[in-house]
Amino acid sequence: MLQDLISFLGSPANWSGSDGIPLRIVEQLWYSLLAVAISAVLAVPVGLVLGHTRRGESLVAGIANSVRALPSLGLMTLLVLLLGLGLVPPILALVVLGIPPLLAGSYAGVRNVDASTVDGARAIGMSEFQVLLKAEVPNALPLIVSGLRNASLDVIATATIAAYVNLGGLGRLIFDGMAVYDYGQVATGAVLVTSLALCIDAMLAGLVRAVQPGRRVRGRDSREISLLLRDRAGDAAASAVTSD
């Protein structure tokens, strides 16, 4: 198996043309990016609003658990029967897979922001939208990005199913290799999918560390922003007492 893998990777013919490895990697990334982007547009705003209102915890948990229980290949097969062949069925299946971690991360991130920071933002006259955007989201970014990280890892690893309906991606190497018993090609597809997922995961892990509280956010430390909000809230309360 190892010798077949090395032989397949060492053949120049496998690195060029419409069936070449570079093109398959680009296709895999394109399917994954498209699915994660759609998942984020659908899930992140809902998670932010539910976290801000402190409601819907059971709803978020229920959606996350039920959707994760769906088999991606079975769901895509059903969508193919309903919608026909093409890019839409696998992308929809991957979107369903990407929604739970993004929804859970966004909800948990905003839900767990320190209450004093939120109260301070309201005390200085911020609207609810400003509280969410300027006080809660910056502090929730580590969990939001963690949700993005988990969604990306799941989607990249599962995007191989696109090849099941005659699309491209690294799954093409796996399915085509299995069809002709070329285990070197199958192993190459599996190794490349794993390597690609791990590389993207490492990049997003660095992004998670970069947005941790204590890092610089728009030229000012996020802790300083929280302290400033609290100080202003205290000044506002003191002014109210004095005026009374």
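Just so you know, residue 1 is the first one in the sequence shown, and it goes up from there. These numbers were taken from a predicted model, which means no experiment stands behind them.
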As an exercise, state the distance from [atom1] of [X] to [atom2] of [Y], rounded to the nearest 0.5 Å.
| X | Y | atom1 | atom2 | answer |
| --- | --- | --- | --- | --- |
| Arg149 | Leu102 | CZ | CG | 13.5 Å |
| Thr117 | Lys134 | OG1 | NZ | 15.5 Å |
| Leu141 | Leu148 | CG | CG | 11.0 Å |
| Leu170 | Leu29 | CG | CG | 8.0 Å |
| Asp201 | Asp154 | CG | CG | 10.0 Å |
| Trp30 | Leu167 | CH2 | CG | 13.0 Å |

So do [Y] and [X] actually touch side chain to side chain, heavy atoms under 4.5 Å?
| X | Y | answer |
| --- | --- | --- |
| Val49 | Val46 | no |
| His52 | Leu48 | no |
| Ile25 | Ile21 | yes |
| Ser32 | Leu94 | no |
| Leu79 | Val88 | no |
| Tyr31 | Pro90 | no |
| Leu173 | Phe8 | yes |
| Thr188 | Leu9 | yes |

Considering all heavy atoms, the nearest [X]-[Y] contact:
| X | Y | value |
| --- | --- | --- |
| Val131 | Met126 | CG2-CB, 3.8 Å |
| Gly51 | Tyr107 | N-CD1, 3.4 Å |
| Glu136 | Val118 | OE2-CG2, 3.6 Å |
| Val186 | Gly177 | CG2-C, 3.5 Å |
| Gly86 | Val165 | O-CG2, 4.3 Å |
| Gly47 | Leu103 | N-CD1, 3.6 Å |

If hydrophobic clusters are built from ILVMFWY residues whose side chains come within less than 4.5 Å, do [X] and [Y] share one?
| X | Y | result |
| --- | --- | --- |
| Val211 | Leu133 | no |
| Leu204 | Ile144 | yes |
| Trp15 | Leu192 | yes |
| Val155 | Leu33 | no |
| Leu87 | Phe175 | yes |

Please check if the side chain of [X] supplies one atom and the backbone of [Y] the other of a donor-acceptor pair under 3.5 Å.
| X | Y | value |
| --- | --- | --- |
| Ser7 | Gln3 | no |
| Gln185 | Asp182 | no |
| Gln28 | Ile156 | yes |
| Asn112 | Ala108 | yes |
| Ser39 | Val95 | yes |
| Asn139 | Ala135 | yes |
| Arg172 | Arg24 | no |

*Criterion side-chain contact (heavy atoms from CB on, under 4.5 Å) on Ile200 and Leu153, from CA distance to verdict*: CA-CA 7 Å; Ile200 299 299; Leu153 185 62; over 6 Å; no
_Could you check whether Glu128 pairs with Arg122 (Lys NZ or Arg NE/NH1/NH2 to Asp/Glu carboxylate O, under 4.0 Å)?_
yes
*So Leu75 and Leu97, side-chain contact (heavy atoms from CB on, under 4.5 Å) or not? Walk me through it.*
CA-CA 10 Å; Leu75 177 61; Leu97 181 67; over 6 Å; no
_Partner of Ser195 under side-chain contact (heavy atoms from CB on, under 4.5 Å), chosen from Leu198, Val193, Val191_ = Val191
*Can Val80 and Tyr164 be said to form a side-chain contact (heavy atoms from CB on, under 4.5 Å), step by step?*
CA-CA 11 Å; Val80 167; Tyr164 189 72; over 6 Å; no
